[in-house]
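Below is one structure; the comments refer to it alone.
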Amino acid sequence: MDFLNDLKERAADLAQVGAELAQAGVAKSRQLAEIGRLNVNNAAEEAAIRKAYAEIGRLYYAERGMAPDAAYQALCEKITASKVTIEENKARISELKEAGGVTDEEISAVETDVPPEEPSDCGCGCCGTESPFADEPKDGE
């Protein structure tokens with residue numbers, strides 16, 4: 001009978017070890033899931049930071065691009081030069097379209113990382129940027 005009691009004790013011990021391993025596995029899975037969720041949240045926050053940095057740059061250029069502080073002068077000049085080049089290219093494209101009878105449908109779209117200019121939403125009509133206060137309610141709303 002000692003053999004059966006010994007066998008029962010070992011089976012109980014194995015069951016306990018199995019339960020502990022299962023609990024450890026569940027805890028590890030929860031940790032990994034939380035780490036994954038936090039990494040996704042961090043990526044979203046980093047994207048929000050990049051978007052805010054870009055918006056700060058757009059606002060600065062709109063407000064001070066023609067007379068920037070010394071630290072920003074070279075970057076503002078690059079932006080201005082690129083805008084001039086874009087306008088020259090657009091004019092040349094129009095000339096080529098007219099000369100060759102080319103339609104927009106015949107031209108393949110080119111993908112770029114540069115976002116298109118956003119329409120003016122600030123109400124001043126001069127800066128071409130969206131107001132940082134566009135989402136705030138106006139008086140009487």
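As the structure is a computational prediction, the values presented were derived from the model and not from experiment.
Shortest non-hydrogen contact noted between C76 and G65 is CB-O, 3.9 Å. What you find for V102 and L96 is that their closest heavy atoms are CG2-O, 4.5 Å. Minimum interatomic distance between Y60 and D69 (heavy atoms only, all atoms of both residues): OH-N, 2.9 Å.
Residue L14 holds its CG atom at 12.0 Å from CD of E9, rounded to the nearest 0.5 Å. Between the CE atom of M66 and the OH atom of Y61 there is a distance of 3.5 Å, given to the nearest 0.5 Å. To the nearest 0.5 Å, the span separating CZ on R58 from CD1 on I79 amounts to 10.0 Å. Atom CG in L32 sits 13.0 Å away from atom CZ in R37 (nearest 0.5 Å). Atom-to-atom distance recorded for K51:NZ and I56:CD1 is 13.0 Å, nearest 0.5 angstrom. Distance CG/N39 to CD/E46: 9.0 Å, rounded to 0.5 Å.
Residue pairs meeting the side chain to side chain donor-acceptor pair (under 3.5 Å) criterion with at least one partner in residues 10-25, sequence neighbours excluded, are Q16-E20.
Without hydrogens or angle criteria, E106 side chain to T103 main chain gives a donor-acceptor distance under 3.5 Å.
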